[in-house]
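Here's the structure, in structure tokens; my notes come after.
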2 protein chains.
Amino acid sequence: MESEMKTDIDVPVKATRVSFDVVEVLRALDGAGVTEVAEELDLPRSTVHDHLRTLEQLELVVNDDGTYKTGTRFLEFGGYARQRMKVFEVAKPELQNLAEQTGEHSNLMVEEHGRGVFLYKTEGQNAVKLDTYNGYRVHLQTTALGKAMMAHMDEENVRDILDRHGMPATTDRTITDEDELFAEFEEIRERGYAIDREERVRGMICIAAPLLNDDEVLGAISVSGPKNRMQGERFEEEIPRQVLRIANVIEVNMTHA
Amino acid sequence: MESEMKTDIDVPVKATRVSFDVVEVLRALDGAGVTEVAEELDLPRSTVHDHLRTLEQLELVVNDDGTYKTGTRFLEFGGYARQRMKVFEVAKPELQNLAEQTGEHSNLMVEEHGRGVFLYKTEGQNAVKLDTYNGYRVHLQTTALGKAMMAHMDEENVRDILDRHGMPATTDRTITDEDELFAEFEEIRERGYAIDREERVRGMICIAAPLLNDDEVLGAISVSGPKNRMQGERFEEEIPRQVLRIANVIEVNMTHA
DNA sequence: TAAAATTGTACGGTATTACCGGAACGGGGG
DNA sequence: CCCCCGTTCCGGTAATACCGTACAATTTTA
């Protein structure tokens, strides 16, 4: 039972990787002391201390009287990167409309390094509390958003991603079979939107539409809500129609405005 | 006219600092090639390349066919750090109310490493486009939010911060004199809220109230809008009353809930 | 069209330094 | 008051970050 926290890939500058590992541990443990981090990474305390001091001076980490925590400076970089993305700027107001209309969560996801990144989420009046936050990363095939994107990507690219990241299950309904997944892509392309029936989180249903520009996949948007509200005509017709309409608006604004 | 991009402080692990410098350059240039970054940092191309490859493998940077950009993974760390902060969770819904009531921008700021960090902002119907984004950092004394916080911090602590970061002006109205600043703290404490009259951005006025828990400064919230709307009875009475009321609600929820 | 320059990338040597073990420091609890 | 735990400091050494050089690919110039 090893708590595989270290990134075991080989990188040209190893010290940077170690520093980054330290940050990851801090996040995983919700803040920790030098010794705690050292044990987690199986490194000498003094080494970890060097990295923590470095990170603190770079203002990436906060030293709160002995316990170190990840700082908000990451937000600065991330917030900037996001704001620069056109798809975010265009989709944001539309997603707010979508959340208002449906009363549920609405989300924007993009693909990066073969992973699904929640770039933005906003809540309607009835939205339940969710585990996701801005920047949260998931395996693409566990979400309707990810499946909507993959369905419109090159097959070769998709195979690469699946090889690289695998297909781990997060609930007993997560798709873990590659053939099954590709079969669903077919449906998604015909239907125009993707569905997640409790495949990432138990009790949550999600309907997602891709954002396309010719052959390019810009991202995907979705509405998600609890199972008991996502059924019948609302699930079959109303929500999909709303999601597709907004997706179309975003696509148009992306190419024109 | 040097473009002082390198962080010139001495850190235990220098390689980490270099990697971080590279990221900063990428952000400053909105994405750049190896050569461009190397020139900016006055380093050999090969060295920069090593760092970029490392950062790419850590998924912190995206290689878009030769030009490198900062990735959204920073958002993951930042988003997580933020979500963990109680003041954010408590303040978020209240700020949305505040923005709705006033129709203007409303903001949440916390202090970190002596700097002011915009932790959250939300826009009312009439809100003008602003240069800030989540995670954006400013010098404390340039904003009403920062001044509201400093007015309730230990004087020693405030002097430290001013020494460390200086008091650069961003408009011709920015306070650059230490005595003047401390005199204003007096007013702020009496009045209960702080005012920014075009001190950070020309044309923008801001009213901010601190979030306190006994002697501890948790952060500050504000409403900001264009000069022509922030005047008369609305500026003197209405907005301050709303800001103070919401600040009080947040303070109560912080200690009790 | 050809040549020349620029760019991203790869590789190996070497001086630097990241890493480590050990010791000192400080604070909280018994 | 003393003990113990966690943090910090320090100096030696093996590892490696950095650099010069080279190559392929693309773009620019002649």
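This is a predicted model, so every value here is computed, not measured. Lettering of chains follows the sequences in order, A, B, ..., and the numbering in each one begins at 1. What's counted below: heavy atoms across the whole structure, side chains too, no hydrogens, waters or symmetry copies.
For an aromatic pair to be called close, the ring centres must be under 6.0 Å apart, and B:Tyr133 with B:Phe118 fails this.
Between the side chains of A:Arg189 and A:His152, no donor-acceptor pair is found at a separation under 3.5 Å. Side-chain contact of A:Ser222 with A:Asn107: a donor-acceptor pair under 3.5 Å is present, judged by distance alone. Donor-acceptor pairing under 3.5 Å is recorded for the side chains of A:Asp30 and B:Tyr80.
Contacts between residues 62-72 of chain B and DNA chain C, defined by a heavy-atom separation under 4.0 Å, are made by B:Asn63, B:Gly66, B:Tyr68.
Within 6.0 Å of the CD atom in B:Glu180, the count of heavy atoms belonging to other residues, nucleotides or ligands exceeds 12.
Taking atom CD of B:Glu40 as the reference point, atom C1' of C:dT7 lies 17 Å away to the nearest angstrom. The separation between B:His49 atom NE2 and C:dC11 atom P is 11 Å, rounded to whole Å. At whole-Å resolution of the value, CZ in A:Arg17 and C1' in D:dA15 are 14 Å apart. At whole-Å resolution of the value, CD in B:Glu36 and P in C:dT9 are 14 Å apart.
Stacking of B:Arg159 on the aromatic ring of B:Phe182 is recorded, both the 6.0 Å distance cut-off and the 45° axial limit being met.
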Could you list, one pair per line, each protein nitrogen or oxygen that sits under 3.5 Å from a nitrogen or oxygen of nucleotides 28-30 of chain C, together with the distance?
none

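Between A:Glu76 and B:Arg27, at least one side-chain nitrogen of the basic residue sits less than 4.0 Å from a carboxylate oxygen of the acidic one, meeting the salt-bridge criterion.
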Test B:Leu211 against B:Met254 for side-chain contact (heavy atoms from CB on, under 4.5 Å), laying out the working first. CA-CA 9 Å; B:Leu211 303 174; B:Met254 281 296 290; over 6 Å; no
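A donor-acceptor pair under 3.5 Å is formed between the side chain of A:Asp177 and the backbone N or O of A:Asp179.
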Encode nucleotides 15-22 of chain C as B, S and - characters from 5' to 3', where the letter depends on protein heavy atoms closer than 4.0 Å: B to the base, S only to sugar-phosphate, - to neither. --SSSBB-
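Within the structure, a side-chain polar atom (N or O) of B:Arg53 is placed less than 4.0 Å from OP1 or OP2 of C:dA10.
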